[in-house]
4 protein chains.
Amino acid sequence: MGVTMDGTKQQRRGNTRQRIQDVALELFAEQGYEKTSLREIAERLDVTKAALYYHFKTKEEILVSIFEDLSEPIVELIEWGKAQPQTLETKQEIIRRYSETLAGATPLFRFMQENQAAVKELRIGEMFRNRMMGMRDILIDPDADLIDQVRCVSAMFTLHAGMFALNDLEGDPETKRKAVLEVATDLVTQAHRGADSP
Amino acid sequence: MGVTMDGTKQQRRGNTRQRIQDVALELFAEQGYEKTSLREIAERLDVTKAALYYHFKTKEEILVSIFEDLSEPIVELIEWGKAQPQTLETKQEIIRRYSETLAGATPLFRFMQENQAAVKELRIGEMFRNRMMGMRDILIDPDADLIDQVRCVSAMFTLHAGMFALNDLEGDPETKRKAVLEVATDLVTQAHRGADSP
Amino acid sequence: MGVTMDGTKQQRRGNTRQRIQDVALELFAEQGYEKTSLREIAERLDVTKAALYYHFKTKEEILVSIFEDLSEPIVELIEWGKAQPQTLETKQEIIRRYSETLAGATPLFRFMQENQAAVKELRIGEMFRNRMMGMRDILIDPDADLIDQVRCVSAMFTLHAGMFALNDLEGDPETKRKAVLEVATDLVTQAHRGADSP
Amino acid sequence: MGVTMDGTKQQRRGNTRQRIQDVALELFAEQGYEKTSLREIAERLDVTKAALYYHFKTKEEILVSIFEDLSEPIVELIEWGKAQPQTLETKQEIIRRYSETLAGATPLFRFMQENQAAVKELRIGEMFRNRMMGMRDILIDPDADLIDQVRCVSAMFTLHAGMFALNDLEGDPETKRKAVLEVATDLVTQAHRGADSP
DNA sequence: AATGAATGAGCCTTCATTCAT
DNA sequence: AATGAATGAAGGCTCATTCAT
């Protein structure tokens, strides 16, 4: 028990923590947070539930740790954005980078999208909201027309939802991502123009 | 037992079924489907859990019945849309009516938006997906550029998410709805033009 | 509501009580007493549960009434038997008539056989035990060898169980009943002889 | 918590599983499968219901595990029987051993006898039926007269039911068992003779 | 670094029964 | 002769969590 030679349970070194996060995210994204039980996660990893508690204090903490790890690039992006001049070029760059970042953590963002209800009253609910508002504040001039503000929010939603809503359309993922990015960029650009010359 | 003079439990006749739906939707939208227990619903109504089962066969059926009742206008809208010529005016009209419909059933659509994970494996998951695809097929020319297709999908998402995502912005709801509608209309219009003259 | 012309729910006169008994016995025999709910019975009859309570005070009373009606011939048989001289011929006649009686109320006896646990703590539990002991006392000479007493009891069980246990054997039911009867008669006959000349 | 000095909850180590089986069988035999709730079992053991679920996946599995453990000797007996020549001596030996085996697991067989309805649609229903048919196939020559086949089946039923049906007769259990065994042996012997010289 | 055993709370569901109409 | 609406009790089961080892 522990390590076997048949290839199962191979590398069981110090990476258990990581493996828990991986499996948890997979299941959370697939079935939702509430529907995924610790039993299930433990079984997939072939450890006991108690083992999970050695690495994480609660179920919520597993999710928080995943979120923190995977959403760090976004925090960095926001920080970078804040330090730039609020030009159109900056905004377009932000949108472009944001799109790439989302693509790099698809399961997490799919999870956030589909589990808003569950996440709302969890710690990461607020974290996520803060990040979103951070992004928004970079893209939107607070004095802009309401309609332009909506355009920016819409751009963000387009990026978020685009990835999952287009699953039943033909075409390879990267092509679709580019199309989504273009629409989002358009929206931000229109918003910027509107703000400039009302 | 039955009628009291403090105003509680007033009209307790044939409307229990309706009252269950009302309270259920309220709680589902507030806390999520999974987090809302039948005990909670029953307590709010001051009946026993078993009473719920007199009116509905399962928890899921409560949700289905709500969804069916409240989403009927959308079904009608889609049917109307299918029967119209696929002109720009039609599409704009659709979007306008859709926005109104959504506004008339805000809690349900907020619920659908925030509980995608839970809803996915429920009966209404498929129902909803079908309606959405119905809408999409009216708005989108299947031969259109991918980017124009994305524009249409984005318009729909904008309408959906607009209602909740803009909560922290100033302004009265109706004004915001109009702004959202305008952005969505823009998107559809651009998509239509793109399809016409590539 | 009530009588329709499509042939359903035809004769709905004063026979509801009887129909309840019929359906109940059918379901009790098929699924067991505990597994059969009043809801199920009511649904099959296309009436409400409350209607059952108009005709019977409790679930148990439905069963009792069935048992009383259907087991009356056995009571009569026992009374007849008690009045006869305890000759071998009498015993054989008893066994023969008993076999016929059982065949005439197969579902009830199948039910009694398969639901001993449930029936034990119901009113009919004792009723049934009393009837069985009545039969036994006619067949068995209390001074007989233990082994002959066992033979008589075995004869009774053979009659009871024979009907269900032989289902997977070939042959038509009546032929099988005859065979069972012969074995039971043999047993009783041997028991009688043993008692005569030890 | 854990060990007390009043004798209750003494040895609480790895034997919980066994204790569950013991108590469960006791209650199942006493009150029937359906009437015995997991709460009851848990209370008797002074553990929570959830503890039962640590050891067994479902209520049914508790029963299955009991059945498998306790009916193993019968499986072995059948296997042994199949390997023997089909002589009268073998059959008599089988019957004798079977009687002993039944006596060693009285509560289980009492349970099986009294809970046929409940057991029918459980996994052990088929298991039991298979074992019984195994026994029958050893005792019965498939070409024998129907009446001799009935004799064999009757012998089995006599062994099964004998134990419980004779409770109200005087005499110690072992004496009664012997009497039952003799009757059963007689039946099998007659059946064998009949088959030989019709 | 992880297990074995268990808990307390809660969940959805079903049932026999009641009663005013 | 029967319904519509509801109840109280209970049932099987699952979950996140704990803790001694």
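Protein chains get the first letters and strands the later ones, always in sequence-line order, with residue 1 at the start of each. Computed from a predicted model, the values in this text were never measured in an experiment.
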Whole angstrom value for the distance that separates [atom2] of [N] from [atom1] of [X]:
X: A:I62; N: F:dC15; atom1: CD1; atom2: P; result: 14 Å
X: B:L27; N: E:dC11; atom1: CG; atom2: P; result: 12 Å
X: D:E61; N: F:dG12; atom1: CD; atom2: P; result: 15 Å
X: A:K35; N: E:dC11; atom1: NZ; atom2: P; result: 14 Å
X: B:F56; N: E:dC12; atom1: CZ; atom2: C1'; result: 16 Å
X: A:E34; N: E:dC11; atom1: CD; atom2: C1'; result: 13 Å
X: D:L52; N: E:dG8; atom1: CG; atom2: C1'; result: 14 Å
X: C:L38; N: F:dT3; atom1: CG; atom2: C1'; result: 16 Å

* **Closest listed nucleotide, where the reference is the side chain of D:Y53 and the choices are E:dT13, F:dT3, F:dC13** => F:dC13
* Asked: Of the nucleotides F:dA16, E:dT3, E:dT17, which one has an atom closest to the side chain of A:A51?
  -> E:dT3
Give a yes/no on whether any side-chain N or O of [X] is located under 4.0 angstrom from OP1 or OP2 of [N].
X: D:T16; N: E:dA6; result: yes
X: C:T58; N: E:dA16; result: no
X: B:Y54; N: F:dA6; result: no
X: C:H55; N: F:dA2; result: yes
X: B:R39; N: E:dC11; result: yes

Can a donor-acceptor pair be found, under 3.5 Å and without considering hydrogens, that links the side chain of [X] to the backbone of [Y]?
X: D:E60; Y: D:R123; value: yes
X: B:K49; Y: B:S37; value: no
X: C:K35; Y: D:A117; value: no
X: C:E114; Y: C:F111; value: no

* Do C:R44 and C:E40 sit within salt-bridge range, that is, some charged N less than 4.0 Å from a carboxylate O? -> no
Complement of [N], any strand, by Watson-Crick or G-U distances under 3.5 angstrom:
N: F:dG12; answer: E:dC11
N: F:dA1; answer: none
N: E:dT17; answer: F:dA6

* Structure fact -> Nearest-nucleotide check on DNA chain E, C:A50 vs C:S37; residue mapping nearer the 5' end is C:S37
* Residue whose closest nucleotide on DNA chain E lies nearer the 5' end, C:K59 versus D:T48 -> D:T48
* Option passing ring pair (Phe, Tyr, Trp, His ring centres under 6.0 Å) with B:F28 (candidates B:Y33, B:F109, B:F67) -> B:Y33
* Asked: Considering only heavy atoms and no angle criterion, is a donor-acceptor pair shorter than 3.5 Å present between the side chain of A:K49 and the base of E:dT3?
  -> no
